[in-house]
Q: 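Once you've had a glance at the structure underneath, I'll fire off some questions.
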Protein chains: 2
Amino acid sequence: MAKLDSIFHCLADPTRRAVIAQLATGASPVSELAAPHDMALPSFMKHINVLEAGGWIETQKKGRVRTCRLCSGAIETAESWLDQQRRIWERRLDQLDDFVATLDDERIQK
Amino acid sequence: MAKLDSIFHCLADPTRRAVIAQLATGASPVSELAAPHDMALPSFMKHINVLEAGGWIETQKKGRVRTCRLCSGAIETAESWLDQQRRIWERRLDQLDDFVATLDDERIQK
DNA sequence: ATCAAGCTTAGCCATTTGGCTATCTATTCG
DNA sequence: CGAATAGATAGCCAAATGGCTAAGCTTGAT
């Protein structure tokens with residue numbers, strides 16, 4: 001899925017992860033989000049745009065303030081993909097265990 | 001953490017996600033992994049190297065065959081970061097619910 | 001009406017990414 | 001030995017990324 005590209009691309013940058021982490025504790029205007037990051041505002045805004053395009057946040061402007069809030073879709077898609085891979089992987093490890101157990105049983109039978 | 005950059009960067013590409021998904025079902029040599037992807041081998045090898053650098057896979061060469069297998073560290077780190085954000089976010093939503101409930105109670109009291 | 005605050009837009013730049021071809025090395029098979 | 005197989009290395013290239021500065025442009029406060 002092409003959406004996964006942009007969802008995970010958002011997470012591959014410390015500034016964007018920090019924004020997500022901060023927004024998890026509550027909505028915030030852009031300038032407040034930008035404050036902790038030593039970076040010019042246009043540079044920071046690019047990250048905001050990337051996060052919005054990736055479906056991590058949504059924003060709305062009231063007066064001259066743009067407020068950003070986290071939305072649920074992206075994190076669910078991300079976790080669900082990871083979960084699926086982990087399940088496939090763990091199921092296979094279990095099958096390996098069973099296989100080894102079978103070998104052991106056969107050895108005992110002798 | 002700088003490691004998270006490379007861990008998530010690995011996931012931001014469909015070829016690399018496909019390799020992870022395929023390796024979840026069992027270890028594989030490079031050429032077998034490469035087969036489904038319409039891409040020259042050196043290009044594909046770059047993805048393998050990125051995945052190895054990101055801690056998603058480890059490889060070992062026997063004779064002329066390099067075998068790749070998934071390792072557990074990366075997926076755990078990734079899921080754990082996501083889980084942590086989700087928990088922070090959900091806890092805050094619960095607090096909002098409580099707050100709204102308090103408001104309702106106060107309205108009823110009147 | 002003016003001025004500051006809070007973005008926005010435009011355009012520049014270095015580096016990274018993700019692809020390619022061509023060539024080389026190291027194994028294995030006949 | 002000689003040829004085919006499986007990767008590895010080197011080097012090229014266009015596009016994307018992540019940063020900057022210098023102006024704009026609304027909106028809110030005085």
Side-chain angles (χ1 to χ4, degrees), chain A residues 1-23 26-70 74 78, chain B residues 1-23 26-70 74 78:
Chain A
M1 204 197 302
K3 200 74 187 282
L4 284 171
D5 286 19
S6 52
I7 286 180
F8 284 123
H9 172 65
C10 286
L11 300 182
D13 178 282
T15 302
R16 290 193 293 260
R17 283 196 308 277
V19 169
I20 291 173
Q22 189 170 346
L23 287 180
S28 242
V30 168
S31 51
E32 195 175 314
L33 286 170
H37 304 283
D38 186 21
M39 185 181 298
L41 229 155
S43 312
F44 184 79
M45 281 299 297
K46 285 194 185 177
H47 289 297
I48 296 294
N49 293 332
V50 169
L51 283 168
E52 194 165 15
W56 279 95
I57 67 174
E58 57 190 9
T59 74
Q60 55 182 354
K61 199 162 182 179
K62 264 198 176 127
R64 52 186 173 176
V65 176
R66 176 169 301 279
T67 302
C68 309
R69 69 192 66 252
L70 219 54
Chain B
M1 203 197 304
K3 200 75 187 281
L4 284 171
D5 286 20
S6 52
I7 286 180
F8 284 123
H9 172 66
C10 286
L11 300 182
D13 178 282
T15 303
R16 290 192 293 260
R17 284 197 307 277
V19 169
I20 291 173
Q22 187 170 346
L23 286 180
S28 241
V30 168
S31 50
E32 195 174 316
L33 287 170
H37 303 283
D38 186 19
M39 185 182 298
L41 230 155
S43 313
F44 185 79
M45 282 299 297
K46 285 194 184 176
H47 290 297
I48 295 294
N49 293 333
V50 168
L51 284 168
E52 193 165 16
W56 278 95
I57 68 173
E58 57 188 11
T59 73
Q60 57 181 353
K61 198 163 183 179
K62 262 197 177 130
R64 52 187 174 175
V65 174
R66 175 169 303 277
T67 302
C68 308
R69 67 192 68 248
L70 219 52

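Naming convention: chains lettered A, B, ... in sequence-line order (proteins, then strands); numbering from 1 in each chain.
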Q: Taking atom NE2 of A:H47 and atom CD1 of A:I20, what is their separation to the nearest 0.5 Å?
A: 12.0 Å
Q: Search all heavy atoms of A:G54 against all heavy atoms of A:A74 and return the closest pair with its distance.
A: O-CB, 4.1 Å
Q: So, for A:Q22 and A:E32, which heavy atoms are closest and what is the spacing to 0.1 Å?
A: NE2-O, 3.9 Å
Q: Measure from the side chain of B:M39, starting at C-beta and using heavy atoms only, and say which of C:dC7, D:dG19, C:dC20 lies closest.
A: C:dC20
Q: Using whole Å, what does the distance between atom P of nucleotide D:dT5 and atom CD of B:E32 come to?
A: 16 Å
Q: Expressed in angstrom and rounded to an integer, what is the separation of A:R66 atom CZ from D:dT27 atom C1'?
A: 14 Å
Q: Name the residue closer to the 5' end of DNA chain D, choosing between A:H47 and B:V30 according to the nucleotide with the nearest heavy atom.
A: B:V30
Q: Any chance you could measure A:I48, atom CD1, to A:C68, atom SG, to the nearest 0.5 Å?
A: 4.5 Å
Q: Nearest whole angstrom, please: distance from the C1' of D:dG19 to the CD1 of A:I48.
A: 16 Å
Q: Can you check whether B:S31 has a side-chain N or O nearer than 4.0 Å to OP1 or OP2 of D:dT5?
A: no
Q: If I take atom CG from residue B:L51 and atom CG from residue B:L33, how far apart are they, to the nearest 0.5 angstrom?
A: 9.5 Å
Q: Could you tabulate the donor-acceptor pairs under 3.5 Å formed by side-chain atoms of residues 4-13 of chain B, not counting sequence neighbours?
A:
unit_1 : atom_1 : unit_2 : atom_2 : d
B:D5   : OD1    : A:R17  : NH1    : 2.9
B:D5   : OD1    : A:R17  : NH2    : 2.8
B:S6   : OG     : B:K3   : O      : 3.0
B:D13  : OD1    : B:T15  : N      : 2.8
B:D13  : OD1    : B:R16  : N      : 3.1

Q: Please state how far atom CZ in B:F8 lies from atom C1' in C:dT17, giving the value in whole angstrom units.
A: 20 Å
Q: What is the distance, to the nearest angstrom, from the NE2 atom on B:H9 to the C1' atom on C:dT17?
A: 7 Å
Q: Mind calculating the distance between CG (B:D38) and P (C:dG18) to the nearest angstrom?
A: 17 Å
Q: Please name the pair of heavy atoms, one in B:H37 and one in B:F44, separated by the smallest distance, quoted to 0.1 Å.
A: CD2-CE1, 3.5 Å
Q: When rounded to the nearest 0.5 angstrom, what is the spacing between CZ in A:R66 and OG in A:S28?
A: 14.0 Å
Q: Just N and O in the side chain of A:K46: are any of them under 4.0 Å from OP1 or OP2 of C:dT8?
A: no
Q: Over how many whole Å does the gap from A:K61 atom NZ to D:dC25 atom P extend?
A: 13 Å
Q: Can you tell me the distance, in whole Å, between the CG atom of B:D13 and the P atom of D:dA15?
A: 18 Å
Q: Is there a side-chain contact between A:T67 and A:K62, using heavy atoms and a 4.5 Å cut-off?
A: no
Q: Please produce a list of atom pairs where a protein N or O lies less than 3.5 Å from an N or O of nucleotides 21-27 of chain C.
A:
unit_1 : atom_1 : unit_2 : atom_2 : d
C:dT27 : O2     : B:R64  : NH1    : 2.9

Q: Could you list by number each residue of residues 49-59 of chain B showing a heavy-atom separation from DNA chain D of less than 4.0 Å, or answer none if no residue does?
A: none
